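Just below is one structure, and these are the notes that go with it.
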Amino acid sequence: STNDSKSTSKKKVVAVVGGGLVGALNACYFAKRGFQVEVFESREDIRQAKIVKGRSINLALSHRGRQALKQVGMEDTIVSKGIPMHSRMIHSLNGTQSPIPYGKKGQYILSVDRANLNKELLSAAETYSTLKLNFAHKLLNWSTETGAMTFLRADGAKEEILADLIVGCDGAFSAIRKQFLRQSRFNFSQTYIPHGYLELTMPPINGEFAMKPNYLHIWPRNTFMMIALPNLDKTFTCTLFMPFDEFENVTTGDQVTEFFQKYFPDAIPLIGADALKRDYFRLPAQAMVSVKCSPYHLSDKCVLMGDAAHAVVPFYGQGMNAGFEDCLVFNEIMDQLNEDFSAVLPEYTRVRVPDDHAIADLAMYNYVEMRSHVNSKWFLFRKYVDNFLHIIMPRTIIPLYTMVTFTRTRYHEAVKRWHWQDKVINQGLLCVAASVVGGSYLLVRYPPNMPNISIEQLWTRLQALKSPF
Ligand code: FAD
């Protein structure tokens, strides 16, 4: 193809490597613009496969992801198959459940099935006449000089393919990214956290959800925790996050029972005592990695998006949402710069790197926070104050979680604003503290009626605020 005029640029070939969540969505974006799109996915077509090996079974979809789906007309289809989660439901050790809303009334996140989401996006992609899906095509290598990609097909044959633009959406262990590592001034870091995760299924009871469905259930237990998200078939998928060291200590069915009796007793009858013993060992605990790099592009030939550019630990529920927003941001820049790849790619890096790095840091921060600050009374108190201030000054103080989950405020700006709010609130509290010293004399002298809430209830609620989900 040639690139001498804008009209011929419409016929350029875009190769999307990876047909996962971000690749399938991205393919729709490029096809919608009229490009000739070829998607190469190493797996077989998951719409035909019986067993889909994936990462998590379900995911939380929030505002950024929805906005990205909307742009290609997919929001309603996906949302109609999602289950709204308006609140977290905190399970304390004694079985008490306390709901903590995610935001204001009407703000919720959605539990969506990963496999179904991927299938829907692939089917949507296939409706474009200029788009072709190539399954069982595993990228082995590509040349930065010629742009030629080498694929291994299911029949063992190798295939060479050329494209005008290569879009690397091949996940956290991206094969496309390997060539970036050989470039001068390419920054890269990869960090495994000491925690692993394991998934368990909680079946329906008498054809109904075993727990309240419109919640993201959380069992926070300091160094480890369990969460559960609802599925359309009325099951819940429970995910246990725990240091690998601890996983290694639980090796027999009896030890599983003992462990759950100690930390998650209310979940045993719901998962089923026998199923628990069996399913716990079905798969080994999975690792979690955080990957950061920059730039995201290589000349005007190649660009990375989704986990290939930024794998984040799952403690903010933003990995896929950020990847979907990548597609949306790229699309916005394509509009601004008339689809001129030599201008669009560097601009995409310039705009997107600070935001994706910010969400990677936030996710990691939450992972650390959950363990180290969990018992800090000051930390819990501050969370409470922030939420309270948001209620009385909704435009001035916006909790970080709200900015990240329910707005498209750029991630790095959300972080900046959060630091600013932090400073202001801390200074405000200092003033308040000064007056409290004076006021406390009066309080002791004339005690008011206490609110109708037990100390225990108050504690569970405070406990819940440390949870990022
Ligand atoms: P992937 O989903 O990894 O897809 C990559 C695709 O590329 C795959 O289909 C793969 O087969 C293919 N591929 C790989 N190598 C090659 C190759 N060499 N040639 C051709 N094809 C190749 N995010 C959220 O937003 N909300 C959540 O609640 C959430 N929960 C999570 C929970 C857990 C436990 C984990 C681990 C992650 C979670 N995430 C969540 C993050 C989310 O899963 C990822 O961000 C998302 O899957 C990224 O999509 P992707 O398409 O970039 O990568």
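Quick caveat: nothing in here was measured; it's all calculated off a predicted structure.
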Study note, to complete from the structure: V112 and G82 have their tightest heavy-atom pair at CG1-CA, 4.0 Å
**Study point:** Verdict with supporting geometry, F241 and F247, ring pair (Phe, Tyr, Trp, His ring centres under 6.0 Å)
**Key:** CA-CA 9 Å; F241 295 94; F247 274 116; 9.5 Å; no
Check your understanding: Using the benzene-type ring in the case of Trp, are the ring centres of H217 and H91 under 6.0 Å apart?
Key -> yes
Exercise for review: Report the residue from Y401, Y367, Y197 that forms a ring-ring contact (aromatic ring centres under 6.0 Å, His included) with F315.
Suggested key: Y367
Check your understanding: Are any side-chain N or O atoms of R88 and backbone N or O atoms of P101, one a donor and one an acceptor, separated by less than 3.5 Å?
Key -> yes
Point to revise | Aromatic ring proximity, centroids under 6.0 angstrom, F188 and F180 | key: no
Exercise for review: Output the distance between atom CE (M85) and atom CG (L110), rounded to the nearest 0.5 Å.
Suggested key: 7.0 Å
**Study point:** Short N-O contact, D335 and R33, less than 4.0 angstrom
**Key:** yes
Practice item. Say whether, by atom type as modelled, one donor and one acceptor occur between the side chain of E38 and the main chain of V16 under 3.5 angstrom. Key: no
Review point. Salt-bridged, E413 to K416, with N to O below 4.0 Å?
Key: no
Exercise for review: Assess whether side-chain hydrogen bond (donor to acceptor under 3.5 Å, both in side chains) is satisfied between N249 and Q255, documenting all intermediate values.
Suggested key: CA-CA 8 Å; N249 289 337; Q255 281 171 335; over 6 Å; no
Review point. Do you know which two heavy atoms are closest between F244 and A285, and how far apart they sit?
Key: CE2-O, 3.7 Å
Practice item. Keeping to residues at least two apart or across chains, list the ring-ring contact (aromatic ring centres under 6.0 Å, His included) pairs with something in residues 113-134. Key: none
Check your understanding: Should the ring pair F259 and F264 be called parallel, tilted or perpendicular, given that the plane angle runs from 0 to 90° and is split at 30 and 60?
Key -> perpendicular
Exercise for review: Decide, yes or no, whether a salt bridge links D254 with K277 under the criterion of side-chain N to carboxylate O below 4.0 Å.
Suggested key: yes
Check your understanding: Is T407 reaching over with its side chain to a backbone N or O of T409, donor-acceptor style, under 3.5 angstrom?
Key -> yes
Point to revise | Expected output: side-chain S123 to main-chain K119 donor-acceptor under 3.5 Å | key: yes
Review point. Using 30° and 60° as the class limits, which term best fits the ring planes of F40 and H137: parallel, tilted or perpendicular?
Key: tilted
Exercise for review: State whether the number of non-hydrogen atoms from other residues, nucleotides or ligands found under 6.0 Å of F388 atom CZ is greater than 12.
Suggested key: no
Review point. If every non-hydrogen atom of Y263 is compared with every non-hydrogen atom of L93, which pair is closest and at what distance?
Key: O-CD1, 3.3 Å
Review point. Would you call E44-K138 a salt bridge at under 4.0 Å N-O?
Key: no
Revision key, fill the gap. So CG of N58 and CG of L216: to nearest 0.5 Å the spacing works out to 9.0 Å
Check your understanding: Do K212 and N214 pass the side-chain hydrogen bond (donor to acceptor under 3.5 Å, both in side chains) test, and can you show the C-alpha distance, the side-chain angles, and the key distance before you say yes or no?
Key -> CA-CA 6 Å; K212 288 188 173 170; N214 295 109; over 6 Å; no
Check your understanding: Do other residues, nucleotides or ligands put more than 12 heavy atoms under 6.0 Å from the CG atom of D274?
Key -> no
Exercise for review: Find the distance between CD1 (I271) and CD1 (I268) and round it off to the nearest 0.5 Å.
Suggested key: 8.5 Å
Point to revise | salt bridge (charged side-chain N to carboxylate O under 4.0 Å, His left out) evaluation trace for R408 with E332 | key: CA-CA 13 Å; R408 273 201 67 208; E332 287 161 0; 3.0 Å; yes
Practice item. Apply salt bridge (Lys or Arg N to Asp or Glu O under 4.0 Å) to R417 and list each qualifying residue two or more places apart in sequence or on a separate chain. Key: none
Point to revise | L152 CG to L139 CG distance, which is reported to the nearest 0.5 Å | key: 10.0 Å
Study note, to complete from the structure: The side-chain contact (heavy atoms from CB on, under 4.5 Å) partner of V344 among E339, H297, Q336, M334 is M334
Practice item. Would you please indicate if the ring centroids of W418 and Y365 are separated by under 6.0 Å? Key: yes
Exercise for review: Check for a donor-acceptor pair, side chain of D326 on one end and backbone N or O of G306 on the other, with a separation under 3.5 Å.
Suggested key: yes
Review point. Looking just at side-chain N and O atoms, do N231 and S111 make a donor-acceptor pair shorter than 3.5 Å?
Key: no
Check your understanding: Looking at residues at least two apart in the chain, or sitting in another chain, which of them share a salt bridge (Lys or Arg N to Asp or Glu O under 4.0 Å) with D361?
Key -> K292
Check your understanding: Are side-chain N/O atoms of H63 and N321 paired as donor and acceptor at under 3.5 Å?
Key -> no
Check your understanding: In Å, rounded to the nearest 0.5 Å, how long is the span from CG of D355 to NE2 of H310?
Key -> 10.0 Å
Review point. Nearest heavy-atom pair of L122 and G19: which atoms, and what distance?
Key: CD2-O, 3.9 Å
**Study point:** Qualifying residue for side chain to side chain donor-acceptor pair (under 3.5 Å) with E325, from Q318, R410, R352
**Key:** R352
Check your understanding: Just by modelled atom types, is the P203 backbone N or O under 3.5 Å from a matching donor or acceptor in the T201 side chain?
Key -> no
Revision key, fill the gap. What one should report as the nearest heavy-atom pair of C293 and R177 is SG-CD, 4.2 Å
**Study point:** Lys/Arg N to Asp/Glu carboxylate O, E120 vs K81, below 4.0 Å
**Key:** yes
Revision key, fill the gap. So CG of D170 and CG of L304: to nearest 0.5 Å the spacing works out to 8.0 Å
Review point. Y102 and Y108: aromatic ring centres closer than 6.0 Å?
Key: no
